[in-house]
Amino acid sequence: MGWTAADIPDQHGRTALVTGANGGLGLVTAKQLAAKGAHVVMAVRNQKKAAAAVDQIRATVPDASLELVALDLSSQASVKQAADTVLAAHDRLDLLVNNAGVMAIAEARTVDGFEMQFGVDHLGHWTLTALLLPALLRTPGSRIVTVTSTARNTGRPVDVANPHLRGRYGAWRAYGQAKLANYHFGLGLQRELERAGAGTASLIAHPGMANTDLQTASVAGSGGGASQRFGVFMAELTGMSPDDGALPQLRAATDPAANGGEFYGPRFVTSGAPVRRPVLRRIGMDRAISKLWQVSERETGVALDVHAPTLD
């Protein structure tokens with residue numbers, strides 16, 4: 001038998017923040033953590049959908065401890081406001097799941113001028129993580145889980161001179177770059193945490209092929225692109241359920257045996273029970289991570305300052 005949601009240990013007394021918790025893998029992640037007793041901060045852009053998600057969770061977990069925070073990852077101002085709201089309410093944070101994202105949409109820019117996929121999937125989470133680090137570092141055993149994708153294998157490391165792919169945009173090219181950035185971010189963050197002697201751990205996960213609303217949103221965001229429609233077809237035909245697709249990030253987030261720098265995904269790459277996967281593409285990784293840090297700090301104006309934890 002593989003690892004299942006039944007293996008999630010008791011989460012009472014723990015606070016978790018999940019981005020994109022109003023649907024798909026984020027909703028499942030929030031529901032499973034709440035079912036195990038965690039107080040879950042649902043950081044969501046669409047507050048109407050968020051309210052519906054709260055009702056959906058409470059239909060099966062009546063005593064769920066839930067909190068809504070408005071978060072639009074395409075706006076650095078919104079990210080900063082969300083972080084301020086969370087820090088005002090919580091001086092400690094046990095878990096941050098960087099789950100939200102957009103996939104293979106038509107070329108668009110965030111309000112800050114970033115390419116939308118890189119801006120939402122990576123730069124928004126960069127700033128959120130950086131600003132929430134004080135609460136995470138104060139919390140013994142805290143974890144940060146960043147969700148990547150098998151599409152990272154098609155991505156190229158960020159180009160310092162053209163991170164927003166101006167003149168070179170392709171929907172899947174941009175998505176591959178963004179998901180490779182997620183991969184490098186999770187691994188690079190773990191190195192920074194280790195250097196600082198921090199107890200917080202950074203892990204990465206990918207869901208494989210999961211049949212969620214991400215595919216249909218991709219079709220809408222691409223104007224009905226053929227490859228995006230094919231993705232919906234394949235997800236419906238062979239994809240795992242959202243409940244199963246969320247298991248790798250739930251295992252990375254909660255398995256007591258999981259360690260910083262580890263990578264969790266389905267046993268058979270696109271399907272199967274969640275297992276620890278090897279960290280590949282190591283050649284050139286140090287340089288790619290350094291470039292990602294340079295670009296992320298330059299574009300957002302936010303430094304990711306990891307320091308030794310101060311415990312009360």
Side-chain angles (χ1 to χ4, degrees), residues 8-19 21 26 29-30 33 36-41 43 67 69 71 73 79-80 82-100 122-148 181-206 248-264 276 279 285 289-290 292-293 296-297 300 302-312:
I8 299 173
D10 181 76
Q11 298 292 301
H12 283 89
R14 293 171 60 81
T15 298
L17 187 151
V18 181
T19 67
T29 300
L33 292 172
K36 292 292 184 173
H39 175 73
V40 181
V41 180
E67 175 185 348
V69 169
L71 171 67
L73 288 163
V79 174
K80 291 171 183 176
D84 286 346
T85 299
V86 172
L87 293 175
H90 305 281
D91 62 346
R92 297 190 180 206
L93 185 62
D94 296 274
L95 176 62
L96 170 61
V97 183
N98 290 323
N99 162 83
H122 171 64
L123 292 175
H125 283 122
W126 166 278
T127 297
L128 182 67
T129 303
L131 297 179
L132 293 180
L133 265 178
L136 287 155
L137 292 168
R138 282 194 293 266
T139 308
S142 60
R143 293 186 188 182
I144 301 161
V145 177
T146 300
V147 180
T148 181
N182 291 151
Y183 186 74
H184 287 154
F185 175 63
L187 296 173
L189 179 56
Q190 176 60 24
R191 295 181 186 182
E192 295 299 313
L193 291 163
E194 289 177 356
R195 287 170 183 162
T200 299
S202 172
L203 300 91
I204 46 180
H206 84 86
Q249 61 203 62
L250 282 164
R251 185 168 190 179
T254 66
D255 187 343
N259 297 301
E262 291 182 346
F263 178 31
Y264 287 83
R276 183 161 62 88
V279 174
M285 185 179 292
I289 289 173
S290 294
L292 182 66
W293 251 243
S296 301
E297 292 189 352
T300 66
V302 176
L304 205 153
D305 180 20
V306 181
H307 55 272
T310 301
L311 301 179
D312 296 335

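Each residue takes its place number in the sequence, starting with 1.
Put simply, the side chain of Lys36 gets close to the backbone of Ile8: a donor and an acceptor are under 3.5 Å apart. Put simply, the side chain of Thr19 gets close to the backbone of Asn99: a donor and an acceptor are under 3.5 Å apart. For Thr139 (side chain) and Leu93 (main-chain N/O), a donor-acceptor pair under 3.5 Å exists by modelled atom type. Looking at Arg143, its side chain never comes within 3.5 Å of a backbone N or O of Leu96 through a donor-acceptor pair. A donor-acceptor contact shorter than 3.5 Å links the side chain of Glu262 to the backbone of Asn259.
Taking the side chain as every heavy atom from C-beta outward, Leu87 and Asp91 never approach each other to under 4.5 Å. Counting only heavy atoms from C-beta outward, the side chains of Asn98 and Val18 never approach each other to under 4.5 Å. Here the side chains of Glu297 and Val302 are not in contact, with every heavy-atom distance at 4.5 Å or above. Within the 4.5 Å cutoff, the side chain of Leu95 has heavy atoms near those of the Leu33 side chain. Two residues are said to be in side-chain contact when any heavy atoms from C-beta on lie closer than 4.5 Å; Leu304 and Ser296 fail this criterion. Within the 4.5 Å cutoff, no side-chain heavy atoms of Thr146 are placed close to those of Gln249. Ile144 is listed as a side-chain neighbour of Leu136, based on a closest heavy-atom distance under 4.5 Å. Taking 4.5 Å as the limit, some side-chain heavy atom of His184 sits within range of a side-chain heavy atom of Met285.
Across all non-hydrogen atoms, the minimal contact from Leu131 to Ala83 is CB-CB, 3.7 Å. The nearest pair of heavy atoms linking Leu71 to Ala43 is CD2-CB, 3.6 Å. The shortest heavy-atom contact between Val79 and Leu128 is CG1-N, 3.5 Å. Of all heavy-atom pairs between Tyr264 and Leu203, the closest is CE1-CD2, 4.0 Å. When all heavy atoms are compared, the tightest approach of Ala82 to Val69 is CB-CG1, 3.9 Å. When all heavy atoms of Val306 and Ala196 are compared, the closest pair comes out as CG1-CB, 3.6 Å.
The CG atom of Leu133 sits 8.5 Å away from the OG atom of Ser142 when rounded to the nearest 0.5 Å. Here the CG-CZ distance, from Asp255 to Arg276, works out to 10.5 Å after rounding to the nearest 0.5 Å. Separation of atoms OG1 (Thr300) and NZ (Lys80) is listed at 7.0 Å; rounding is to 0.5 Å.
Between the side chains of Thr254 and Gln11, no donor N or O sits under 3.5 Å from an acceptor N or O.
Aromatic pair His125/Phe185: ring centres not closer than 6.0 Å. Proximity of the aromatic rings of His206 and Tyr183 is defined here by a centroid distance below 6.0 angstrom, and this criterion is not met.
Atom CZ of Arg191 has more than 12 heavy atoms from other residues, nucleotides or ligands within 6.0 Å.
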Test side chain to side chain contact (heavy atoms under 4.5 Å, CB included) on Thr127 and Leu123 and set out the steps.
-> CA-CA 6 Å; Thr127 297; Leu123 292 175; 5.8 Å; no

Applying side chain to side chain contact (heavy atoms under 4.5 Å, CB included), run through Glu67 and His39 and close with a yes or a no.
-> CA-CA 8 Å; Glu67 175 185 348; His39 175 73; 2.7 Å; yes

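Using a 4.0 Å cut-off between charged nitrogen and carboxylate oxygen, Glu192 and Arg195 count as a salt-bridge pair.
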